[in-house]
Amino acid sequence: QVQLVESGGGLVQTGGSLRLSCAASGRTFSKYAMGWFRQAPGKEREFVAAISWNGGVSYYADSVKGRWTISRDNANSTVYLQMNRLKPEDTAVYSCAADSSVRLSAISVKLSRTYDYWGQGTQVTVSS
């Protein structure tokens with residue numbers, strides 16, 4: 001129903017910026033809430049950010065709040081994660097996900113099980 005493909009990862013120095021993109025296929029994209037998660041080596045998957053289907057409500061993990069911004073362009077079926085002031089502890093594989101329930105809450109957005117579709121992930125490495 002929905003396929004997601006991430007791009008934009010890479011290697012940057014501390015304090016640098018990256019913009020991740022998640023391109024979706026499927027004609028119902030505009031009605032899906034979208035989220036970004038990350039997983040570092042030896043650690044559990046961690047919530048990063050989420051955005052409602054119409055872009056009106058956004059949620060962020062405390063660790064990225066004030067540094068990063070999630071946005072979406074429904075006309076082009078794409079979700080973005082602008083990552084500024086990167087730190088070595090941000091190093092991880094970043095994945096985007098789609099929630100077919102079309103709703104978000106402060107609790108549900110942080111849970112991997114909330115989301116129905118996942119991209120392949122893109123590596124972000126921040127050197128010190």
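Numbering of residues begins at 1 and proceeds along the displayed sequence.
Remark: Lys43 pairs with no residue by the salt bridge (Lys or Arg N to Asp or Glu O under 4.0 Å) rule, at least two apart or across chains. Contacts of Ser108 classified as side chain to side chain donor-acceptor pair (under 3.5 Å), with partners at least two apart in sequence or in another chain: Ser105. By the ring-ring contact (aromatic ring centres under 6.0 Å, His included) test, Phe47 pairs with Phe37, sequence neighbours left out. Under the side chain to side chain donor-acceptor pair (under 3.5 Å) criterion, Tyr117 pairs with Gln1, sequence neighbours left out. Annotation: side chain to side chain contact (heavy atoms under 4.5 Å, CB included) contacts of Gln123 (sequence neighbours excluded): Thr91, Val93, Thr125. Remark: Arg85 engages no residue in a salt bridge (Lys or Arg N to Asp or Glu O under 4.0 Å) (not counting sequence neighbours). For Gln3, there are no side chain to side chain donor-acceptor pair (under 3.5 Å) partners at least two apart in sequence or on another chain. Partners of Val57 by side chain to side chain contact (heavy atoms under 4.5 Å, CB included), not counting sequence neighbours, listed by chain and number: Ser52, Tyr59. Judged as a side chain to side chain donor-acceptor pair (under 3.5 Å), and not counting sequence neighbours, Glu89 has no contacts.
Identified under the disulfide bond (SG atoms under 2.5 Å apart) test for residues 71-100, with sequence neighbours left out: Cys22-Cys96. Screening residues 42-76 for disulfide bond (SG atoms under 2.5 Å apart) gives no qualifying pairs among residues at least two apart or on separate chains. Applying the side-chain hydrogen bond (donor to acceptor under 3.5 Å, both in side chains) test to residues at least two apart or on different chains, the pairs with a partner in residues 9-24 are Ser17-Asn84.
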